[in-house]
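Reviewing the structure listed below.
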Amino acid sequence: MIPKPAPVSCALQSSAAVATGKALRYIGVSDRPRFAHGHTMPVRQLSEAVVNRIAAGEVVERPASVVKELAENALDAGAGHIDVLTDGGGRRLIRITDDGSGMTRGDLELAVERHATSKLIEDDLLDIRTLGFRGEALPSIGSVARLSIVTRHAGEPHAWGIAVDAGSKSEAKPAALGEGTRVEVRDLFYATPARLKFLKSDRSEADAIREVVRRLAMSRPDVAFTLAGEERSPVTWVAALPGAPGRLARLADILGTEFRANAVEVQGERNGTLVEGFAALPTHTRANALGQYLFVNGRPVRDKLLIGVVRAAYADYLPRDRHPVVAMFLTVDSREVDVNVHPAKAEVRFRDPQLIRGLMIRSLQEALTREGRRAATTGGDATVAAFRPATLPQPGWDWRRSPARPDPRGMPLAPFGAATANVATAFAEREQAAFDVGGPSADARADISQPAPDLIDQPLGAARAQVHETYIVSQTRTGMVIVDQHAAHERIVYERLKAALEKTGVARQLLLIPEIVELDEADVERVLARAEELARYGLVVEPFGPGAVAVRETPSLLGKADAQAIVRDLAEHIAEWDETLPLERKLMHVAATMACHGSVRAGRRLKPDEMNALLREMEATPNSGQCNHGRPTYVELQLSDIERLFGRR
C-alpha cells in the first residue's frame, strides 16, 4: 500500500503560490489585467488629447481622408475654385485653397473645437443638406499633425489665422489673404508615429488623393479644381456649364473621351426621387467595377446598392467578368436618406432602398434600350488599327521570291505572281502578271451587281458578301459594316423569347423521345426546384432517377436545339445565382442560355436574301448592338476611316 504524502503546511502552500506567481510573472501572464470575469481597473475619463486622437482614427484614415474633409468644407463654403497641393503623398504637406465665403475670427476659433459646426439646421440630424456636418475633422486633424488655417470673411477688414500643433491651439492672429480660406496640414501623423507605419508608398497615397479629388470634381462640375504635387503634373478641371451637357463634359475630362463617345444619358423620377447621369454602352467595359460612381445629393459615396443595380441593369448585355462605366447622380429628400452611418461619411442608408433600386434599374434599362442598336466607337477604332499596313518592303525586294503568304484558314498560298513566274515571252503577258495576286482569301464571292438603293440607305446597309462563313459584309451610304452572324442572331432570338414571355408565353415543341440528361444530384435538385419557372420559357423537365432529369419539351423558337447542352449550362448558372437578385432577372439568364444554343452558328453559309433579312431584323430588334455576352454584334467603318488607311485623307 502506497503511503499518502504528508500534508503541506499553509506556509509551504503560500511559498508554492508565490513561486508559481513568480513563474507566471516571468512569462508575462499573471500581471495582465483580466477583464473576462470582472474589471481590475477603475473607470476614468479619457483626456482631451486621447479623445481627439481616437476621433482622428475614425475620421483621418490616410492623407486622402484629410483632402476629402477639407475639400468638402470648401464646397460647403460656396467655393468656385479649389486648389489642392500635396507633397510626399500628403504626409509632408497638404494645402487646400478656396475662394469661398471664409470665416470670421469667432467662427475660426470655434472651428478647431470638437463637435462645433455651422452646417446643421436646428440640430436636426435628419435634415442634412451639406457635405460636412460632424464638426470633428479640423480638431481631429490638428491632434495628429501641424494644422494652420488662414481665412477671410467678407465682413472682416483682414484675414485671421490660427494654428493647432498636436492638439495644442494658438490664439487667432491677423493674417494676409485676399479671399476665401487656405488650410495647410504638415507632418501628418507625426504625433502618432505608429499610424505612419500603416501608410503606403507616396505614389499610392497620391493616387488615393487623386481619386478623392476626381470624385468631388465629378459631383460638382460647376466648380473648378486644380490638383498638383511633386508626384504628378498639375491637372485642372475647369468649371463646366450647368445641365447634362456640362456634366458630360466634366465626366469626359475625368473618365476620358472614349466614355463621352459611348455614353448614354440616364434619367428617371419616382415619388420625388430623381436619378440622372450617364452610362457607357455595354460594349465599352472594364475588367473591374472601379469605374462605377454613385453620388447622393452631391455626396460621393461607396454603396453596395450601386453594384447590384448595375449588375441587374446590364444582365442582358455583359459577360460575368466585365463591368460597365457608369456615373449616377441621385437626388432624394434629405429625410429619406441617412448620411450619418459612417464616421467618414462614405456610406449612406436609404429609408426605402427598394424604391431607389427599382428606380435606378428601370432608368438604366430604358437608357440602354433606347440606344441599344449603337455599337461602341472603340470597335471601329480597333478595326482601323488592325488594318494598318505593315512595314513597306525595302528597295530591291523581289515579290516573285517572297515566302508564301499564309492563308487565314491555315492553307499556305503561293507567293505573289507565282502563277505567271514562268511567263516571260510577251510584254503584254508580263504586264498582266502584275494583276495576278493569287486566290481570294475570303470563302464567299462579293456580289458584283449594284445593291438596291433602298437597302444602302438602311442603317446597316445592303449585304455584299459573307466572309469565312461567319461575317457578313454590308455596304452603307457612308461606309461599310461587318456583322458577326452568330452574335447578331443570338440577340434576336433572345429578344423574341423575352417578347413571347411577356405576351402569350413561349411556344413549346414536344419531343418524340424525351432527352435524358445526367447531372450531379445537387444540380438535379436545383434544376427541378426551378422547373415551374423553366416551363415558362418552354423547357419542361421532369425527374428521372436520383442523378438525371428528362427533357420532354423545348422552346419551338430554338428549332432542333441541343437539350443536353442547354440543361447543363442552366445547371451551372443556377448554382451561381445570387439569391438577392429577383426571379425575373434570374430567368433572363435562362433565356440567354437558350438563345445562345438556338441561334445561327458560325460557319453556316447564308444566301444574299438571308443576310439582308438578318440585317433588317437587327435594325428592328432592341439591344441588337450587343450579343447576350456583351460582345459587339457589328463593327462600322466610315468611308473617311477607310480613306485614311490608303492615304486619301
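We're numbering straight along the sequence, starting at 1.
A donor-acceptor distance shorter than 3.5 angstrom exists from the side chain of S170 to the backbone of A163, with no hydrogens or angles considered. Judged purely by atom type and a 3.5 angstrom limit, N297 uses its side chain to pair as donor or acceptor with the backbone of V332.
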- What do the steps show when you test T331 against T273 for side-chain contact (heavy atoms from CB on, under 4.5 Å), and what is the final call? CA-CA 6 Å; T331 304; T273 299; over 6 Å; no

- T478/L639 under side-chain contact (heavy atoms from CB on, under 4.5 Å): CA gap, chis, key distance, verdict: CA-CA 6 Å; T478 59; L639 189 58; 5.6 Å; no

- Please step through side-chain contact (heavy atoms from CB on, under 4.5 Å) for the pair R62 and E205, ending with a clear verdict. CA-CA 8 Å; R62 59 194 306 187; E205 296 298 338; 3.0 Å; yes

- Message: One pair to check against salt bridge (Lys or Arg N to Asp or Glu O under 4.0 Å): R186 and E184. What are the steps and the verdict?
- Response: CA-CA 6 Å; R186 295 183 179 273; E184 286 190 2; 3.4 Å; yes

- Task: Take R349 and V337 through the side-chain contact (heavy atoms from CB on, under 4.5 Å) test and state the conclusion after the steps.
- Result: CA-CA 6 Å; R349 181 180 296 132; V337 57; over 6 Å; no

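With sequence neighbours excluded, no residue satisfies side chain to side chain donor-acceptor pair (under 3.5 Å) with D207. Here S640 pairs with nothing under the side chain to side chain donor-acceptor pair (under 3.5 Å) rule; sequence neighbours left out. A search for side chain to side chain donor-acceptor pair (under 3.5 Å) contacts involving S101 returns nothing, not counting sequence neighbours. Residues forming a salt bridge (Lys or Arg N to Asp or Glu O under 4.0 Å) with E643 (at least two apart in sequence, or on another chain): R649. Under the rule for a salt bridge (Lys or Arg N to Asp or Glu O under 4.0 Å), D107 has no partner lying at least two apart in sequence or in another chain. With sequence neighbours excluded, no residue forms a salt bridge (Lys or Arg N to Asp or Glu O under 4.0 Å) with D99. When the side chain to side chain donor-acceptor pair (under 3.5 Å) test is applied to T226, the partners found at least two apart in sequence or on another chain are H81, D83, T236. In this view, F329 and F295 satisfy the ring-ring contact (aromatic ring centres under 6.0 Å, His included) rule, not counting sequence neighbours.
Salt bridge R370/E366: absent, no basic N to carboxylate O contact under 4.0 Å. Ion pairing of R260 with E258 is absent here, as no side-chain N (NZ or NE/NH1/NH2) approaches a carboxylate O to less than 4.0 Å. The pair D333-R335 does not count as a salt bridge, with every side-chain nitrogen at least 4.0 angstrom from each carboxylate oxygen.
Using a 4.5 Å cut-off on side-chain heavy atoms (C-beta onward), V212 and K68 make contact. Between V185 and I96, the closest side-chain pair of non-hydrogen atoms is not below 4.5 Å. Looking at heavy atoms from C-beta onward, P234 lies out of side-chain contact with L227 at the 4.5 angstrom threshold. Side chains of L255 and V325 form a contact here, defined as non-hydrogen atoms less than 4.5 Å apart. Under the 4.5 Å side-chain criterion, counting only non-hydrogen atoms from C-beta, L330 is in contact with I356. Counting only heavy atoms from C-beta outward, the side chains of F225 and V213 approach each other to under 4.5 Å. The side-chain heavy atoms of L196 and F198, taken from C-beta on, include no pair separated by under 4.5 Å.
Among pairs with a residue in residues 240-256, those fulfilling salt bridge (charged side-chain N to carboxylate O under 4.0 Å, His left out) read R247-E276, at least two apart in sequence or across chains. Pairs of residues two or more places apart, or lying in two chains, never qualify as salt bridge (charged side-chain N to carboxylate O under 4.0 Å, His left out) while including a residue from residues 280-296. For residues 151-163, the set of pairs meeting the salt bridge (charged side-chain N to carboxylate O under 4.0 Å, His left out) definition, not counting sequence neighbours, is empty. Sorted by first then second residue, the side-chain hydrogen bond (donor to acceptor under 3.5 Å, both in side chains) pairs that include residues 210-219, not counting sequence neighbours, are E211-R214, E211-R215, R214-Y293.
Interatomic distance, CE of M328 versus CG of L294, reported as 8.0 Å (0.5 Å rounding). In this structure, CG on L108 lies 5.0 Å from CD1 on I162, to the nearest 0.5 angstrom. Atom CG in L85 sits 10.0 Å away from atom CD1 in I94 (nearest 0.5 Å). To the nearest 0.5 Å, atom OG1 of residue T369 and atom CZ of residue R362 are 12.5 Å apart. Rounding to the nearest 0.5 Å places OH of Y314 at 6.0 Å from CG of L364. Atom CG of L637 sits about 10.0 Å away from atom CZ of R644, to the nearest 0.5 Å.
Considering every non-hydrogen atom in both H158 and P174, the closest pair reads CE1-CB, 3.6 Å. Heavy atoms only, all atoms of each residue included: T151 and G102 are closest at OG1-CA, 3.3 Å. Here the closest heavy-atom approach between residue A217 and residue I254 is recorded as CB-CD1, 3.7 Å. Of all the heavy atoms in D98 and A74, the pair that sits closest is OD2-CB, 3.5 Å. Residue A312 comes nearest to Q365 through the heavy atom pair O-NE2, 4.0 Å, listed as atom of the first residue, atom of the second, then distance. Residues L359 and E269 share a closest heavy-atom pair of CD1-N, 3.6 Å.
Looking at S140 and S143, their side chains never bring a donor and an acceptor atom within 3.5 Å of each other.
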